[in-house]
Peer 1: 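Below: one structure in structure tokens.
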Amino acid sequence: MKKILTLLLFPFWILAQTPKETPNWRPDYHFTAPKNWINDPNGVVYYQGEYHLFYQHNPFENKWGHMSWGHAVSKDLVKWEHLPVAIPEDSVWIFSGSAVVDKNNTSGFQTGTEPCMVALYTADYHDSKKEAQYLAYSNDRGRTWTKYAGNPIIDLQMTDFRDPHVIWHEKTQQWVMSVVFPKEYKVIFYTSKNLKDWTRAGEFGNQGEVRKIWECPALVEVPIEGNSQKTKWILFVSSNGPYDKFEGMQYFVGDFDGSNFKNDNSPETKLYVDNGKDFYAAIPYTDAPANQKVILGWMSSWQYADAVPTFPWKGQMAIPRNISLRQTEEGLRLFQEPIATLKPKKDYLVFEKNNFVFSKEKQLDGMTLFAKNSYMVEIEFKRKSALIFGLRIAQLKDKKDDKKILQQTTVGYDVQTHQLYIDRKNSGVMIKENFASLDKTSLKLKDKTLKLKVLVDKTSVEVFANDGEKVISDLIFPTEGANMFSLFTSRRKVKVVSLKISDLSK
Ligand code: FRU
């Protein structure tokens, strides 16, 4: 009898265990997997008109585990077509790595007339606690992959040794791999003529940010703006970000000769890619057309990624970013802009208003646009007397008393401290005790002007300031109905020189 009852009640038990679906939190123009967990982007490579995105994925559950490479392709880096899992786990988990197009068939894996794609990744032996570098190849535009019979390609019998990122180094006519010893805060460079046999070359480490282990290194050669002949190398490393105990990304600018990286800045200099909490493990696209330099990152933080309350998926990518190097007073610095293919849904601007001065909170309403929390704001402020100004998104006001703010995320600028910030302390669901935060970064106004591009997409806010000089990216979880939009100032004057808000909803 007891057995029958258990059997009868089992479906209800399953139902009770299944979290509620959260379609309101599904981003419109940021990448998410149809279902289940994702983290780092992997093997981002352009091949025959398609941008590939492989990614750390658990095909079975909405939490980290069973790591495999999920797969999607896009023609514009905005709309993605989902494809089946590309490289599934077997006795090892498939950790992060990169992919290249082997144009000259250096590997000998090409079977037809078209070049093959080669993926290099870390095999994580989760039972025996070892990590080694593996290879797989594809002769059908990344649709199916064969794991190389000669794996591992590099095995140092180490517990922590991961995230190979491979590029073709034109000057020395060889492949170069950057890979990390995470706990030693070191990037190790390997070189190869055929992607299979690797020789250890130089190493770089213990500089910049070392409060957290080093992961996901990547080298990319970037032209210096305004000087098309001159290039520099950027070495990206994921580690601690600007906030103690939180992940983030740093970059080094310097020279790379095929074996060694020379940092242009002092070893103490810490340069951050993003100043929010939710940008990690970004790597640059290889073989992008017209020498385009694009990076793509995971938009979350290991500090609370498991607590993200979305279902049936968990994890999203940040918007792909065009990167450049620009000369500043402090030296060469990374500038980032959201990918230019991010176009409003109906090819027109839903709202455009220019040249007005305001001195108290100004709610922009009457627009169904805000209801969807999926838009881009391009605004240029000119400071008059205001000391703090900016915008508030995903606002929820008390129905009986609209002075009472129940929820909001603030994107602001503080004139006295010269700081740009996102305040998400009251942004909605605080998914973990360490989620409430005010994330800020210094930014000097030029000619009293603050230019912002703010991307809002259901559960995310990305702020690009002054033509990409500084970026802040943060997740938010506003509840139902939290979707009003206001401009605000500290009761003094600020001028809006231009304002465009474009609909990016699906
Ligand atoms: C970075 C990382 C990588 C690793 C992968 C595992 O977020 O920890 O170092 O390869 O995630 O999913």
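Just follow the structure's listing: the first ligand is 1, and inside any ligand the first atom is 1. The model shown is predicted, which means the values in this text are computed figures rather than measured ones.
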Peer 1: What residues form a ring-ring contact (aromatic ring centres under 6.0 Å, His included) with Tyr148, not counting sequence neighbours?
Peer 2: Phe109
Peer 1: Has Ser96 got a side-chain atom pairing as donor or acceptor with Asn42's backbone, closer than 3.5 angstrom?
Peer 2: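 Side chain of Ser96 to backbone of Asn42: no pair is present.
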Peer 1: List the protein residues in contact with ligand 1, where contact means a heavy-atom separation under 4.0 angstrom.
Peer 2: Asn39, Asp40, Gln56, Trp64, Phe95, Ser96, Arg162, Asp163, Glu215, Tyr280, Trp302
Peer 1: With no hydrogens and no angle check, is any side-chain donor or acceptor of Lys277 less than 3.5 Å from a backbone partner on Ser301?
Peer 2: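 Side chain of Lys277 to backbone of Ser301, a donor-acceptor pair under 3.5 Å: no, none is there.
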Peer 1: Out of Trp145, Tyr121, Phe31, which one pairs with Phe54 under the ring-ring contact (aromatic ring centres under 6.0 Å, His included) rule?
Peer 2: Trp145
Peer 1: So, using ring-ring contact (aromatic ring centres under 6.0 Å, His included) as the criterion, who are the partners of Phe477 when residues are at least two apart?
Peer 2: Trp25, Phe435
Peer 1: Can you list the residues that meet the salt bridge (charged side-chain N to carboxylate O under 4.0 Å, His left out) rule with Lys75, with sequence neighbours excluded?
Peer 2: none
